[in-house]
Amino acid sequence: MANKAATEVRSKTQDELKQSLLDLKKEQFNLRFQKANGQLENTTRARSVRREIARIKTILHEQDQAQASA
């Protein structure tokens, strides 16, 4: 059975995925900044953001490969 988060991400268009990726990168930057200042409260959010970024990048790459081979 497929990952629930991955199936949700696969249903989005490439433009939506790129916007989500941009938003997650901004959030990741803010989380790093908070960690450096010692203000980070939810440490698990950094890990989940990193994984969401990887998930989106993987799906974008898969879609690019599918378009190239078609």
Side-chain angles (χ1 to χ4, degrees):
M1 186 170 152
N3 188 351
K4 184 177 180 182
T7 53
E8 290 174 8
V9 173
R10 288 181 197 279
S11 66
K12 294 183 178 182
T13 65
Q14 278 199 338
D15 291 334
E16 291 173 335
L17 289 174
K18 289 178 183 178
Q19 183 61 41
S20 296
L21 185 62
L22 196 73
D23 294 340
L24 287 169
K25 291 261 190 181
K26 288 178 184 177
E27 184 177 354
Q28 185 181 37
F29 174 78
N30 289 331
L31 289 171
R32 281 191 199 145
F33 197 81
Q34 288 176 5
K35 183 179 179 185
N37 288 331
Q39 297 175 346
L40 184 62
E41 294 177 8
N42 187 1
T43 57
T44 59
R45 183 64 186 147
R47 182 178 181 181
S48 63
V49 167
R50 189 174 69 239
R51 288 182 177 195
E52 289 176 39
I53 289 172
R55 188 175 293 122
I56 290 174
K57 282 184 171 182
T58 300
I59 292 170
L60 281 172
H61 181 71
E62 288 173 355
Q63 290 177 353
D64 288 343
Q65 293 297 320
Q67 288 178 354
S69 66

Could you go through residues 18-25 and list every donor-acceptor pair under 3.5 Å that involves a side-chain atom there, pairing it with any protein atom two or more places apart or in another chain?
unit_1, atom_1, unit_2, atom_2, d
Gln19, NE2, Asp23, OD1, 3.1
Ser20, OG, Glu16, O, 3.0

Value rounded to 0.5 Å, distance of OG in Ser48 from CG in Asn42: 7.0 Å
CG on Asp15 to CG on Leu17, rounded to 0.5 Å: 9.0 Å
Let me check something: any side-chain donor-acceptor pairs from residues 49-59 under 3.5 Å, sequence neighbours excluded? List them with distances.
unit_1, atom_1, unit_2, atom_2, d
Glu52, OE2, Arg45, NH1, 3.2
Thr58, OG1, Ala54, O, 2.8

Interatomic spacing from CD in Gln63 to CZ in Arg10 - rounded to 0.5 Å: 8.0 Å
